[in-house]
Amino acid sequence: MRRRSLLTGAAAAAGAAVLGLNPVARAQRPGASDLPDLGLGDLPVVGRVRARRAMEHLRVLSDRMGLRIGGTESEHRARDYLADVLRDLRYRVTLQPFAVPDKYLSTLVVGGDTWHAAASRSGALGVTATGPVRELDPAAPLPDDLTGAVVLLVNVPTGSTAVLDAARRGAAAVLVGRVPVTPAGRTGAFSPALTEAVAVPVLGVAQVHVERLRAAGPVTITVTTTHHTGLTSYNVIADRPATFPGSDRGVVMVTAHYDTVPGSPGANDDGSGTVLALELARVLRHLPTRRALRFALWGSEEQGLLGSRHYVGGLPAEEAARIAGVFQNDMVATSHGPATAYWLLSVDGGDNATTAQVAAAATRLGYGSRVHGPVARGSSDHVPFHEKGIAAANFSWRGEGGPHELEPLYHTPEDTIAQNVSPERLQVSLELIGAAAYRLACARS
């Protein structure tokens, strides 16, 4: 009883301090439909988390660094930044390396602008080409002489030889784009698949690049392709032990991935989840807990959950058994209008320690009407943990119709802070995950 009183008293003291410093901690939360009914353990979390602080980190990752492609120098810059922030917060930081596949990337210089895209492994790599852009219909016969042109082909039909034909007829480079007939979403950069190798660069450009080139009229551009080999990606792991004396009650994890797809600065996917973890690391670092806290930022998620799979694959059985829950945060701040539902996404659609805690936190904070699920959904870093028998779920803002309703700017160069991030939704995500993770970290069993 004395130990329980000590922990409760410490949390209560922290909560009382928050109330004294921030009397609006008990006010209706941003975007909530109901007044909160907070417990003492909620107060030191929801009274301190600040989206504006998280946004400072997001401006570094998305605006200043931009691309964070798994295993490349762009991801390594982000790795170092994240590790420095967590070390400054006095966490024990471990960098966990793992090998990842080659990357095929490209840039386009148009006037004073530089755009990032992907490249085909079957095209010329490590080369630069310059020429006037010439858009052609890939469903029609191509001109016999394309010498020196940078050919733009949009919506190449399946089985078409248009890319190969353009290269054979003298094109300096070929840009392949996709513009959906039905505007349900926007397309990003991709690596075009070719049936045979060609001697010129072949780039897969995003929809916004196609639109900008069309709007620019006659323009000369410079394209460069790069083949990145021998790559190593990293997980950034930050640990803080339990503060309450007694038996080992395990660990609670808050996680996100910090890499991006080619061509995208990844503000919402998943810069938002990454900075949520950083802000919660700041707020939770001095709070008393029965369980240890672990913040894990995964590398190379976009290449097939490589970072989280590497981490889980290396867990001894006794270490896996210590993990009480994994709160994975992927795309937690979109400003897309229809994405008004906050989804609890477990792999099998079942309830577990993480979904139950977030749902309970939503009720206490007054967000109950905005939270949906749990429903079945994989496709993020909670999957390897579920496969290991560990309670885990992904948490994300998406459309009311279901978790498949992602924002149109997902995986595009337009996934920027200005175009695709809502500080209000980020604040809600911070409060829900913070309150839920802290409650699980303080639980007696």
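In this text, all values refer to a predicted model and were calculated from it rather than measured experimentally.
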For residues 310-317, run the donor-acceptor check on the side chains, cut-off 3.5 Å, and write out each pair with its distance to 0.1 Å, sequence neighbours left out.
from : atom 1 : to   : atom 2 : distance (Å)
H310 : NE2    : P97  : O      : 3.4
Y311 : OH     : R294 : NH1    : 3.0

**Message:** Using the ring-ring contact (aromatic ring centres under 6.0 Å, His included) criterion, which residues pair with H386? Sequence neighbours excluded.
**Reply:**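 For H386 there are no ring-ring contact (aromatic ring centres under 6.0 Å, His included) partners, ignoring immediate neighbours.
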**Message:** According to ring-ring contact (aromatic ring centres under 6.0 Å, His included), does anything in residues 349-368 pair up with another residue at least two apart or in another chain? List the pairs.
**Reply:** none
**Prompt:** Which ring-ring contact (aromatic ring centres under 6.0 Å, His included) pairs, counting each pair once, include a residue from residues 259-284, with sequence neighbours left out?
**Reply:**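 Residue pairs with at least one partner in residues 259-284: there are none.
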Listed partners of [X] passing side chain to side chain contact (heavy atoms under 4.5 Å, CB included), at least two apart:
| X | value |
| --- | --- |
| T412 | R186, L409, E414 |
| A277 | V254, F295, L297 |
| D80 | none |
| R121 | Y104 |

**All pairs passing side-chain hydrogen bond (donor to acceptor under 3.5 Å, both in side chains) where residues 88-101 contributes a residue, at least two apart** =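 Residue pairs passing side-chain hydrogen bond (donor to acceptor under 3.5 Å, both in side chains), neighbours aside: Q96-N235.
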Let me check something: any side-chain donor-acceptor pairs from residues 54-63 under 3.5 Å, sequence neighbours excluded? List them with distances.
from : atom 1 : to   : atom 2 : distance (Å)
H57  : ND1    : Y81  : OH     : 2.7
S62  : OG     : P265 : O      : 3.3

**Prompt:** Does the pair R439/D42 count as a salt bridge with the N-to-O cut at 4.0 Å?
**Reply:** yes
**Item:** Which residues share a salt bridge (Lys or Arg N to Asp or Glu O under 4.0 Å) with E318, sequence neighbours left out
**Value:** none
**Item:** Residues that D330 engages under salt bridge (Lys or Arg N to Asp or Glu O under 4.0 Å), provided they are two or more places apart
**Value:** none
**Asked** Do other residues, nucleotides or ligands put more than 12 heavy atoms under 6.0 Å from the CZ atom of R285?
**Response**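 Counting other residues, nucleotides and ligands, CZ of R285 exceeds 12 neighbours.
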